[in-house]
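Please read the structure below before turning to the comments.
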Amino acid sequence: MQKHKLKAVKYELKRVLWLFAAMLFLQSCALNSIFLRPTKLSSKTTAFSLKTKNSETISVHFGENHQPVFLKENKDTVELEYTIKSVVFKNQSGKLLNGWEIMPKAPVQPVATLVHFHGNAGSLLHQFNAVTPLVKEGFAVFMFDYSGFGFSEGRPTRKNVLKDGNAALDYVLTNFSPAKKIVIYGQSLGGHLAGVVGTQRQKDIDALVIEGAFSSHKTVAQAFAGGFGKAFTKEMYSAKDSIAHYHKPLLIIHSTEDEVIPFEMGKEIFNKANHPKEFLEVKECHICAPNYYTQEIADKIKTMLGL
């Protein structure tokens, strides 16, 4: 009888442990979605629909190397204020990533190249408007999709995102240098990543801009999922720790009206940083500053670069 009871207790304990493990797995998947929420496109995708701020539908058609062509509802071509060249390059794992070389139209000549690290959701198609306002101010921009985003191959993991950021900078240094000055400009998750890659590669860049970024994976997990989120999130790398070792010009931008990443996290990164540094406090939505403070941001970047 005692053996039977002991066996039943062991079985129940094992069942509880399995349930707990399953719960942790599901919670871990949920926590991962905080960091990475990609829109994946098949390599065979030839068209994609987008909604504009005015609720108009724009269709994007893809050619060789996923070259985008933007069409209005009446099929007329959308006239952009810049040019886009879609390219494919490899990360350290040999996976192919999709990037866009964005150039101002003549007579504007690029004064610097922005290597843009975008946020955690969607793809280039959803993110490019967050930085293109700066192109008309004389900046060339290189944007790219992380592994598992858009047309980029691989799995969307935080480990791969770090590899991808370094690979994008390598591509710019080797293949896309319309201007000698190079600035990493990261937004949201990309801002957090920029703090890490910018520190690792500060010899290769001239300045760093971080907008709407969280200070670490643990702090943002706590903000979204409480103490449980913080406890079960592994801190692979963090902007607030890395930035303490960065010694080149730095601009941090954060909105007091940011409803995605708390304003205090931008301040936390800034307080950990060395001089020369500047904090630009703005209003409006999460990572919207280039759309509302275009001239001010452009001027501050140019001042950092001595232009």
Side-chain angles (χ1 to χ4, degrees), residues 28-40 91 97-100 114-131 141-150 152 154-169 183-201 208-225 229-230 233-243 246 250-255 258-270 272 285-290:
S28 175
C29 291
L31 289 173
N32 282 335
S33 69
I34 294 174
F35 305 117
L36 301 165
R37 294 184 292 149
T39 294
K40 179 63 179 171
N91 68 5
L97 305 180
N98 181 214
W100 286 0
L114 305 182
V115 186
H116 183 256
F117 294 176
H118 71 61
N120 77 329
S123 69
L124 287 177
L125 295 168
H126 306 88
Q127 299 277 355
F128 75 102
N129 282 324
V131 72
V141 175
F142 182 74
M143 302 184 68
F144 68 100
D145 266 331
Y146 310 117
S147 297
F149 285 69
S152 292
R155 294 177 58 243
T157 67
R158 288 181 287 157
K159 183 178 180 180
N160 282 340
V161 163
L162 182 57
K163 290 181 181 179
D164 299 341
N166 277 286
L169 181 57
V183 180
I184 294 179
Y185 191 129
Q187 296 178 308
S188 196
L189 171 133
H192 178 265
L193 177 66
V196 178
V197 176
T199 299
Q200 292 177 345
R201 305 290 299 275
L208 176 62
V209 182
I210 295 175
E211 181 186 351
F214 53 86
S215 50
S216 71
H217 292 114
K218 280 187 174 291
T219 53
V220 77
Q222 183 176 26
F224 280 88
K230 181 178 180 180
T233 296
K234 183 179 180 181
E235 195 66 78
M236 297 180 179
Y237 47 86
S238 86
K240 69 175 183 179
D241 290 339
S242 293
I243 207 68
Y246 177 79
L250 169 68
L251 173 64
I252 294 182
I253 307 168
H254 214 114
S255 172
D258 195 324
E259 295 182 352
V260 179
I261 303 298
F263 178 78
E264 291 72 22
M265 290 194 188
K267 278 292 189 180
E268 185 177 7
I269 299 172
F270 180 77
K272 292 278 188 176
C285 57
H286 179 59
I287 64 171
C288 292

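Values below: every heavy atom of this structure, side chains too, minus hydrogens, waters and symmetry copies.
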Do [X] and [Y] have side chains that approach each other closer than 4.5 Å (heavy atoms only, starting at C-beta)?
X    : Y    : result
L125 : F149 : no
L250 : I243 : yes
Q200 : L162 : yes
V141 : F128 : no
D145 : Q127 : no
L189 : V220 : no

For the side chain of [X] and the backbone of [Y], is there at least one donor-acceptor N/O pair under 3.5 Å apart?
X    : Y    : answer
E235 : H217 : yes
S152 : G148 : no
D164 : S147 : yes
D258 : F263 : no
D241 : Y237 : no
Y146 : P38  : no

If I compare all heavy atoms of [X] with all of [Y], which pair ends up nearest, and what's the gap?
X    : Y    : answer
A194 : I210 : CB-CG1, 4.4 Å
A213 : G191 : CB-C, 3.6 Å
F35  : N120 : O-CB, 2.7 Å
V161 : L36  : CG2-CD2, 3.7 Å

Quick one: side chain to side chain contact (heavy atoms under 4.5 Å, CB included) partners of [X], sequence neighbours excluded?
X    : answer
A289 : E211, I253, V282, Y293, I297
F270 : I252, K277, F279
S215 : T219, K240, M265, E268, I269

Check your understanding: Which word best sums up how the rings of F214 and H192 line up, parallel for under 30°, tilted for 30 to 60°, or perpendicular for over 60°?
Key -> parallel
Exercise for review: For the pair F142 and F144, name the ring-plane relationship: parallel under 30°, tilted 30 to 60°, perpendicular over 60°.
Suggested key: parallel
Check your understanding: Are H118 and H126 near enough that their ring centres are under 6.0 Å apart?
Key -> no
**Study point:** Pair R155-N160, side-chain hydrogen bond (donor to acceptor under 3.5 Å, both in side chains): steps then yes or no
**Key:** CA-CA 7 Å; R155 294 177 58 243; N160 282 340; over 6 Å; no
**Study point:** Flag for Q187-H116: side-chain donor and acceptor within less than 3.5 Å
**Key:** yes
